[in-house]
Colleague: 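After the structure tokens below, expect a handful of questions from me.
Nothing here was measured: the structure is a model prediction, and the numbers come from that model. Atoms within a ligand are numbered from 1 in the order they appear, just like the ligands themselves.
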Amino acid sequence: MCGIVAYLGHREAYPILINGLRRLEYRGYDSAGVALINGHDLRIFKCKGKVSDLEAHVQDGNVKGTVGIGHTRWATHGPPNDVNAHPHQGNSGDLALIHNGIIENYAPLKEELIHRGHSFKSDTDTEVLVHLIEDIQFTEKVDLAEAVRLALDSVVGAYAIVVIDRKEPDVMVAARKSSPLVIGIGEQGEHFLASDATPIVEHTKNVVYLEDGEIAVIDRQKGLKIRNIKNQDKTPFIQELEMHLEALEKGGYEHFMLKEIHEQPRSIRDSLRGRMDLINSEVVLGGIRDHEQKFQNAKRILILGCGTSWHAGLVGEYLFEDLARIPVEVEYASEFRYRNPIVGEEDIVIAISQSGETADTLAAIELAKSRGATIIGICNVVGSSIARVTHAGSYTHAGPEIGVASTKAFTAQVTVLTLMALMIGRRKGTISASNFHRLINELDAIPDKVQKVLQSEAQIKYIADIYKDAPNALYLGRGYSFPVALEGALKLKEISYIHAEGYPAAEMKHGPIALIDEAMPVFVVATKGASYEKVVSNIQEVKARKGKIIAIVTEGDTVVKELADHVIEIPETPDQLVPLLSVIPFQLISYHIAVMLGRNVDQPRNLAKSVTVE
Ligand code: G6P
């Protein structure tokens, strides 16, 4: 949600900023802008639209300068237009500021600043912050770094900011609270700043993750200094990035989403690697080993997440109840945080987040933590805020996910949840040794089976072409496949803008069945397993009303083939592992429909990948 990037060093800043913004565009793409200082000259270029629009706007502009900041926006306050685009400036025009987050008390601050003679151009909360800093510089006669510190002391909200001042052209000041900020330390005094490490990795692998309440001052002569809002010095903790540049490229695919769908055999394999011992029949998740006892004794598990991560959590509910016999509640983090939930020391909370930055999930974790619960994270982005505030956790090893619609992160999350439930179930004795052995061997075979499902892409594309113009779609599943139905519907909505609903198959008769006619495609997971016969009956109910059935079936199925309009076969696997296979055709269907409709698959309208506002 808004991407920020900044550079101070010996090279021209503009190409570094533009490349960085391209990497961060998944965070928001309503408008973009840069500010550069050359000598004592500060120039700003900003406009509505994408980073490519900014480049066109800048064409032939004087973008010289070895210090600069850049921003790509996901609008919160004020519509996306040229004026609301970042960077923002104060009255004097000396300062330029970029911001990711929300200043909650911007209205009273703005009113006070207007009384003091400030005039505002935009509708944004951010502009208030830059005026406030400027006002403090002037009234308190302090330098930029101190003015930022004092200003932030009176701000309520979430922010990652970077500010430059043409009066101090060799200084860049950054700060964070609840929104991420990474500092890259390059050679010959070069420093990079960004919302995540993706713009930095091509320049340096040495990074410092700024902590909440910290302010970084980067000075061409003195280098990097970090202090907190109380003005105490902090020692920067430099870490080495494990990210590789190739992971951030499309690798020959037309879209990141397609690449990420096809990466799933690898990403699931990486999420399993080193965690299963097939010979000794063991699962070991090193990150949660210290909390195993607590898990085993847990009277209840709470799973928190948003969007696709919440869907993975629903699969987790079935897994933990089935394999470890622990009752589970799955909560939308945004609901949990505002309803005085009953949670305490006895509870295990599993927080799931691809980005590790989702504001609602982060706030829900803080709430559960303050009430004494043990928080276990399942995150994809190493070093992210959620990964750092949890007591323990297991990373998914999906690698960077750039497409806004989550695909490989979902299957990696489900993989880790399966490992967790198996590990706890085995320790508790709620799974027999033979069943455990069978399941871990089946899990080990999943990456190859995913590869096999991907081979159906041509058939899936053919089906996509038939249904691409449908205005609505229904997704049905039962048991482990119910969350997959929800995820399938979400994927279609997100990237094709076709209205879709996911439903438990048997619930269809309590409402959605009224929608069914010959124009309604109904996507059903009808694999062999516990609820197979029941789902077959549901399919018959749809066919009786002339609905179109696209069914995901187990290889060799003949019964559904007779009833359905189309079947997509997936290899046989136990019920517990079906979501890892059945979601793949749904991802591909959505992808191909969206491409055929000419949608922007990787950057669908109104969405952002990392939602750092509530
Ligand atoms: C956004 C993204 C979704 C994602 C959700 C939760 O809405 O567009 O793809 O599932 O946030 O994000 P998280 O990073 O916490 O998994």
Colleague: Measure the distance from atom 16 (O) of ligand 1 to every protein heavy atom, then report the residue, atom name and distance (to 0.1 Å) of the closest one.
Modeller: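 I find the closest protein heavy atom is Ser309 OG, 2.5 Å.
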Colleague: Considering non-hydrogen atoms of the protein only, which is the closest contact for atom 5 (C) of ligand 1, and what is the distance?
Modeller: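 Ranking protein heavy atoms by distance from atom 5 (C) of ligand 1, first comes Cys306 O, 3.9 Å.
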Colleague: Return the closest protein heavy atom for atom 9 (O) of ligand 1 as residue, atom name and distance.
Modeller: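 Checked against all protein heavy atoms, atom 9 (O) of ligand 1 sits closest to Val404 O, 3.2 Å.
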Colleague: Quick check: Thr361 and ligand 1, any N/O pair under 3.5 Å apart?
Modeller: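 N/O-N/O distance under 3.5 Å: no.
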Colleague: Check this for me: does any side-chain nitrogen of one of Lys250 and Glu254 sit under 4.0 Å from a carboxylate oxygen of the other?
Modeller: no
Colleague: Any side-chain donor paired with an acceptor under 3.5 Å for Glu357 and Ser384?
Modeller: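 No, no side-chain donor-acceptor pair sits under 3.5 Å.
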Colleague: Side-chain contact, heavy-atom cut-off 4.5 Å: Asp575 with Asp322?
Modeller: no
Colleague: Is a side-chain donor or acceptor of Asn84 paired with a backbone partner of Ser122 at a separation under 3.5 angstrom?
Modeller: no
Colleague: In plain terms, say whether Glu25 and Lys50 are close enough for a salt bridge, that is, a side-chain N and a carboxylate O under 4.0 Å apart.
Modeller: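 Salt bridge between Glu25 and Lys50, a charged N being under 4.0 Å from a carboxylate O: no.
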Colleague: To the nearest 0.1 Å, how far is atom 4 (C) of ligand 1 from its closest protein heavy atom, and which atom is that?
Modeller: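 Residue, atom and distance for the closest contact: Thr308 N, 4.2 Å.
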Colleague: For the residue pair Gln413 / Ser309, report whether a side-chain donor-acceptor contact shorter than 3.5 Å exists.
Modeller: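 On atom types as modelled, these side chains qualify, holding a pair under 3.5 Å.
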Colleague: Under a 4.0 angstrom heavy-atom cut-off, which atoms of ligand 1 come close to Ser406?
Modeller: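 Per the distance check, 9 (O).
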Colleague: How close does the nearest protein non-hydrogen atom get to atom 7 (O) of ligand 1, and which residue and atom is it?
Modeller: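 That would be Val611 CG2, 3.9 Å.
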Colleague: How far is atom 12 (O) of ligand 1 from the closest protein heavy atom, and which atom is that?
Modeller: Thr358 OG1, 3.3 Å
Colleague: Side chains of Gln264 and Thr407: do they bring a donor and an acceptor to under 3.5 Å?
Modeller: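 Short answer, no.
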Colleague: In the protein, what heavy atom is nearest to atom 8 (O) of ligand 1, and what distance, to one decimal place, separates them?
Modeller: Ala608 O, 3.1 Å
Colleague: Ser353 heavy atoms, cut-off 4.0 Å: which ligand 1 atoms fall inside?
Modeller: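 Near Ser353, meaning under 4.0 Å from one of its heavy atoms, ligand 1 has 13 (P), 14 (O), 15 (O), 16 (O).
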